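Presented below is the structure to which this report refers.
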Amino acid sequence: MPLLFVILSLFVAVGCGASRPPTQSSASSGPAATDPSSGAGADAGQPDAGTASAPDAGTPPDCSASAPFDARCFDPGAPSVAVTQSDAAQCAAFLPVTVPEPVLFTKSFLGPSMGTVNCGAVPDGDGHLGVCMYSDPGYPADGSRTQVMTADGATLATLPGTVVRSEQHGFLTLLGAVDYGQSDILTGWNGGATNSLRLRIILPSTVQPDPPFCSWAAAADSSVTAACWSAQAGASLHRFDSGLAETAAALPLPETIGVYGIDEQGLMLAADASGTLRWRGLDGSVLSGPVAGSISGPFRTLVGGGYDTSSGVLPSGSTQFVPTPQWLAQRTDGDLSLVRGRRAYAYVPRGSSDECTHRLEVLAPDGTLCATVTIAEPRCSPGAPVINPALQVGAEGSVAGRAGWYCHDDTCLVAFRVWNHLLQ
């Protein structure tokens, strides 16, 4: 029986059937006009709650409890952004942090009382926003989807699952398998066609032959490499562009491998059928001896190559783990991204963000704190119909932060501000 590799599946857990009062908001309750060009995108197969019955723009909104939902009742206000910067020599190449004017996105949706919530948003490098929505399917399944929105409210694509990688031009999303007959599906969109790769399917162990499976990793240039196995074709290596369009003929492999990642040096870390890790080329060729240890759980890409893992730091091409430096060990509970041309880090501490204040750090490769960016939103309150972090860093150093919400008559609006190329 071939080795079944553990593929990371992304699941979104939310409470089902939670009801909310008919009118809630993180904004002021009185009428307020907002820029209609920042309207809401539509869910695929569902009416756009923000525009389906939009009133005449010249008519003041009625925001009373008995009135229908009107997106204009939400006033996001103006955020304040504070930047503190270090004068350390190792920070000079990454400063100053110049804050651009943010772009406001709003997303309206129906049915919060039936388990529909927003599950975050992340920007790409082209000014799009990948807005995650979760709808309870009523049976064991991943009910998440990502809508690719423009600032004028248009929805360019709806992708299954949640964003696992923001790209310069688009996104990769992952839909997780939960029950028999379901598949983990990786989907890519880069402004053109949408393509998908099935990673695995859940079937009873008695089913023969064993079902095909793939593992994958994306490189710094946004290309994707997948190592696959099937009873018919055996083991093979596949190359794709950022939209998961295959760019070359499949390469046969002499053994089945599971891809863990492709580091900043372009080296692929992969395990063989025995679980032994080795560094390989992108053609699958072995470049190192066995890595002395194992990796469990998530791991993080490091500037210049290598990974921060559960066993310590694994330098690029090395077979030995080294101790995790203190600055990195102190930042395990948040999201670490590569910014400034992938030469520095942005770190979003999860515990420091709430509905009103979002904070991120800019770090030099040696961990020196170069800058702190603090975003304060004026329209905020607990109870938002959302899950996941309030602040996310995407490709090209673009940053999206939640900017308040408004619910009325079982329809909700969630707002996000995007600072395009803030940390490019």
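This is a predicted model, so every value here is computed, not measured.
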Backbone N or O of [Y] within a donor-acceptor pair of the [X] side chain at under 3.5 Å?
X      : Y      : result
Asp136 : Gly115 : no
Arg343 : Arg340 : yes
Thr309 : Ser311 : yes
Gln90  : Thr368 : no
Asp179 : Gln182 : no
Asp184 : Ala177 : yes
Gln392 : Ala121 : yes
Thr150 : Ala154 : yes
Thr319 : Ala292 : no
Tyr347 : Gly334 : yes

Quick one: closest heavy-atom pair of [X] and [Y], and the distance?
X      : Y      : answer
Gly243 : Asn190 : N-ND2, 3.4 Å
Gly317 : Ser288 : O-CB, 4.2 Å
Arg280 : Ala270 : CD-CB, 4.0 Å
Pro385 : Trp405 : CD-CE3, 3.6 Å
Ala344 : Leu363 : CB-O, 3.4 Å
Val163 : Ser166 : CG1-N, 4.0 Å

So, taking the atom named [atom1] in [X] and the one named [atom2] in [Y], what distance separates them when rounded to the nearest 0.5 Å?
X      : Y      : atom1 : atom2 : value
Asp308 : Leu336 : CG    : CG    : 8.0 Å
Gln168 : Asp126 : CD    : CG    : 6.5 Å
Phe109 : Cys412 : CZ    : SG    : 4.5 Å
Cys73  : His408 : SG    : NE2   : 7.5 Å
Leu110 : Thr411 : CG    : OG1   : 4.5 Å
Tyr260 : Ile295 : OH    : CD1   : 6.5 Å

### Task
Check Thr247, Thr225, Asp283 against Arg239 for a side chain to side chain donor-acceptor pair (under 3.5 Å) and give me the one that passes.
Thr225
Is the closest side-chain heavy-atom distance between [X] and [Y] below 4.5 Å?
X      : Y      : value
Asp272 : Thr256 : no
Leu422 : Val99  : yes
Ile257 : Met268 : yes
Val373 : Val81  : yes
Asp70  : Asp62  : no
Tyr307 : Arg300 : no
Val418 : Val399 : no
Val131 : Met149 : yes

### side chain to side chain contact (heavy atoms under 4.5 Å, CB included) partners for Thr374, two or more places apart
Thr357, Arg359, Thr372
### Query
Who pairs with Thr187 by side chain to side chain contact (heavy atoms under 4.5 Å, CB included), at least two apart in sequence or on another chain?
Leu159, Pro160, Thr173, Ile185, Thr194, Ser196
### Task
Classify the ring geometry between Tyr345 and Trp327 as parallel (under 30°), tilted (30 to 60°) or perpendicular (over 60°).
tilted
### Task
Look at the rings of Phe171 and Trp189 and say which category their plane angle falls in: under 30° parallel, 30 to 60° tilted, over 60° perpendicular.
parallel
#### Entry: Option among Leu172, Ile262, Leu244 that satisfies the side chain to side chain contact (heavy atoms under 4.5 Å, CB included) test with Trp216
Leu172
### Task
Evaluate the criterion side chain to side chain donor-acceptor pair (under 3.5 Å) for residue pair Arg145 and Thr162; output intermediate values, then yes/no.
CA-CA 6 Å; Arg145 66 189 183 279; Thr162 58; over 6 Å; no
### Glu264/Arg342 salt bridge by N-O under 4.0 Å criterion
yes
### Query
Should the pair Arg379-Asp75 be classified as a salt bridge under the 4.0 Å nitrogen-to-oxygen rule?
yes
### Query
Ring centroid separation for Phe416 and Phe105, is it under 6.0 angstrom?
no
### Aromatic contact, Tyr406 with Phe69 (centres under 6.0 Å)
yes
### Message
Pair Thr276, Arg278 - check side chain to side chain contact (heavy atoms under 4.5 Å, CB included), show working.
### Response
CA-CA 7 Å; Thr276 301; Arg278 289 182 173 85; 3.7 Å; yes
### Query
Hey, mind stepping through Val259 and Leu269 against side chain to side chain contact (heavy atoms under 4.5 Å, CB included) and telling me if it holds?
CA-CA 6 Å; Val259 178; Leu269 186 64; over 6 Å; no
### Query
Do other residues, nucleotides or ligands put more than 12 heavy atoms under 6.0 Å from Asp87 CG?
no
### Query
Which residue pairs pass the side chain to side chain donor-acceptor pair (under 3.5 Å) test with at least one member in residues 415-424, sequence neighbours excluded?
Glu377-Arg417, Glu396-Gln424
### Message
Go through it in stages, so that I can follow the logic: the residues are Leu423 and Val362, the test is side chain to side chain contact (heavy atoms under 4.5 Å, CB included), and I'd like the CA-CA distance, side-chain angles, deciding distance and then a yes or no.
### Response
CA-CA 8 Å; Leu423 301 176; Val362 179; 3.8 Å; yes
### Message
Using the rule given for salt bridge (Lys or Arg N to Asp or Glu O under 4.0 Å), can you reason through Asp335 versus Arg350, listing the C-alpha separation, both sets of side-chain angles and the distance that settles it, and then say yes or no?
### Response
CA-CA 8 Å; Asp335 298 320; Arg350 292 185 181 175; 3.0 Å; yes
#### Entry: Stepwise side chain to side chain contact (heavy atoms under 4.5 Å, CB included) check, Leu186 with Val164
CA-CA 9 Å; Leu186 183 71; Val164 289; 4.1 Å; yes
